[in-house]
Amino acid sequence: MGIYVLPYKNHVDEKKQSRAKTATRIYIVFIFLFNLGAAHYRTLLEDDPLNAKTNTVFHLIHDPLAINFEAWNLLIIGMLFVIVALLKGYKSDDVYPGFGEMHRKLKNASNHRGKRVQAMKSINRIIDEYSKQAGTVAERTKHKIKSYKDSIFQSEELVSKFNKFVESAESVCNNVLWEYRNANECVRSSKPPAYFEQKHSFGNYLLQADLSGEKNTCIRIENRFNEIQHNEEEKLNDALREINEKALADIVDIFGEATK
């Protein structure tokens with residue numbers, strides 16, 4: 001009665017208030033009559049123990065207050081127990097009906113939400129940590145790709161300088177040959193050979209440095225790295241979005257249950 005009925009006297013619905021008050025009054029009257037009947041039975045056990053069971057109701061109706069001192073003590077103690085139990089049940093939870101249970105659900109939901117928030121923070125912290133590590137690795141990889149590109153550019157410059165040096169050396173060599181051949185033609189009696197008209201070239205004795213393959217490889221590596229980085233970032237963002245949406249849905253469901 002104290003837990004499930006009496007709190008409804010505080011309900012905003014006046015009909016429920018009236019029903020709770022009426023039920024409580026009926027309950028108290030019934031318990032009083034029950035304890036009074038027990039007191040009469042206690043009295044008759046001393047006066048007429050053989051017929052105490054059969055005469056208790058008759059004795060109660062015809063002379064309600066005709067009980068002895070021990071029976072009065074029994075009645076008072078019984079009613080005190082009833083009142084204390086009723087008040088204890090009434091105070092055991094929130095005095096407004098159903099509010100205590102709702103508050104506990106809300107508190108549990110808040111605690112659960114707090115735990116989920118802490119878990120989400122831990123997950124995000126781990127993700128941030130590994131994201132930083134991945135970012136560091138990505139920066140190192142970019143730096144290596146840039147160094148590779150720079151080395152190709154420097155190699156191209158070196159090849160260009162070498163080619164210019166070879167051209168200059170060929171020019172000097174051909175000038176010397178031209179002077180020698182002119183001097184030779186002046187003193188020789190026979191016709192000069194045909195190769196006297198040809199210029200000397202170092203190209204037949206040198207390896208040709210072709211860096212186009214290295215450049216294509218570098219471009220392919222850079223494009224592949226950018227593609228991998230973009231795909232991994234999208235996967236990470238999708239995973240984080242999915243985790244956050246699931247956590248939000250769980251929290252909404254929990255609070256929805258708490259409000260029912």
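Fair warning: this is a prediction, and the values are worked out from it, not measured in the lab.
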Going through the checks in order, is the side-chain contact (heavy atoms from CB on, under 4.5 Å) test met by F225 and T141? CA-CA 8 Å; F225 172 76; T141 305; 3.5 Å; yes
Test log, rule side-chain contact (heavy atoms from CB on, under 4.5 Å), inputs E227 and R224: CA-CA 5 Å; E227 181 182 354; R224 180 56 180 163; 3.4 Å; yes
Check step by step if side-chain contact (heavy atoms from CB on, under 4.5 Å) holds for D93 and R104. CA-CA 10 Å; D93 203 353; R104 285 189 290 274; 3.1 Å; yes
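Rounding to the nearest 0.5 Å places CZ of R125 at 4.5 Å from OG of S122.
Hydrophobic clustering (side-chain heavy atoms under 4.5 Å, transitive across Ile, Leu, Val, Met, Phe, Trp, Tyr) groups W72 together with I31. Linking Ile, Leu, Val, Met, Phe, Trp and Tyr residues whenever their side-chain heavy atoms come within less than 4.5 Å places V5 and I28 in a single cluster.
Between the side chains of E139 and H143, no donor N or O sits under 3.5 Å from an acceptor N or O.
Side-chain contact check for N184 versus F196: some heavy-atom pair is nearer than 4.5 Å. Counting heavy atoms from C-beta outward, N35 and V82 have side chains that approach closer than 4.5 Å. Under the 4.5 Å side-chain criterion, counting only non-hydrogen atoms from C-beta, I67 is in contact with L36. For the pair I145/K142, no side-chain contact is recorded, criterion being any heavy-atom separation below 4.5 Å from C-beta on. Counting heavy atoms from C-beta outward, T24 and K9 have side chains that stay 4.5 Å or more apart.
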Give every donor-acceptor pair under 3.5 Å between a side-chain atom in residues 168-175 and any protein atom, sequence neighbours left out.
{"unit_1": "E170", "atom_1": "OE2", "unit_2": "S201", "atom_2": "OG", "d": "3.2"}
{"unit_1": "E170", "atom_1": "OE2", "unit_2": "F202", "atom_2": "N", "d": "2.7"}
{"unit_1": "N174", "atom_1": "OD1", "unit_2": "H200", "atom_2": "N", "d": "2.6"}
{"unit_1": "N174", "atom_1": "ND2", "unit_2": "E170", "atom_2": "O", "d": "2.9"}
{"unit_1": "N174", "atom_1": "ND2", "unit_2": "H200", "atom_2": "O", "d": "3.2"}
{"unit_1": "N175", "atom_1": "ND2", "unit_2": "S171", "atom_2": "O", "d": "3.2"}

Identify each donor-acceptor pair in which a side-chain atom of residues 151-158 lies under 3.5 Å from a protein atom, sequence neighbours left out, and give them as a table.
{"unit_1": "S151", "atom_1": "OG", "unit_2": "S147", "atom_2": "O", "d": "3.3"}
{"unit_1": "S151", "atom_1": "OG", "unit_2": "Y148", "atom_2": "O", "d": "2.5"}
{"unit_1": "S155", "atom_1": "OG", "unit_2": "S151", "atom_2": "O", "d": "2.7"}
{"unit_1": "E156", "atom_1": "OE2", "unit_2": "K215", "atom_2": "NZ", "d": "3.2"}

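Within 6.0 Å of atom CZ in R188, more than 12 heavy atoms from other residues, nucleotides or ligands are found, so the atom counts as buried in its surroundings.
Shown here for L86 and M1, the closest heavy-atom pair between the two residues is CD1-CB, 3.7 Å.
Looking at residues two or more places apart in sequence or on another chain, you find no ring-ring contact (aromatic ring centres under 6.0 Å, His included) involving Y90.
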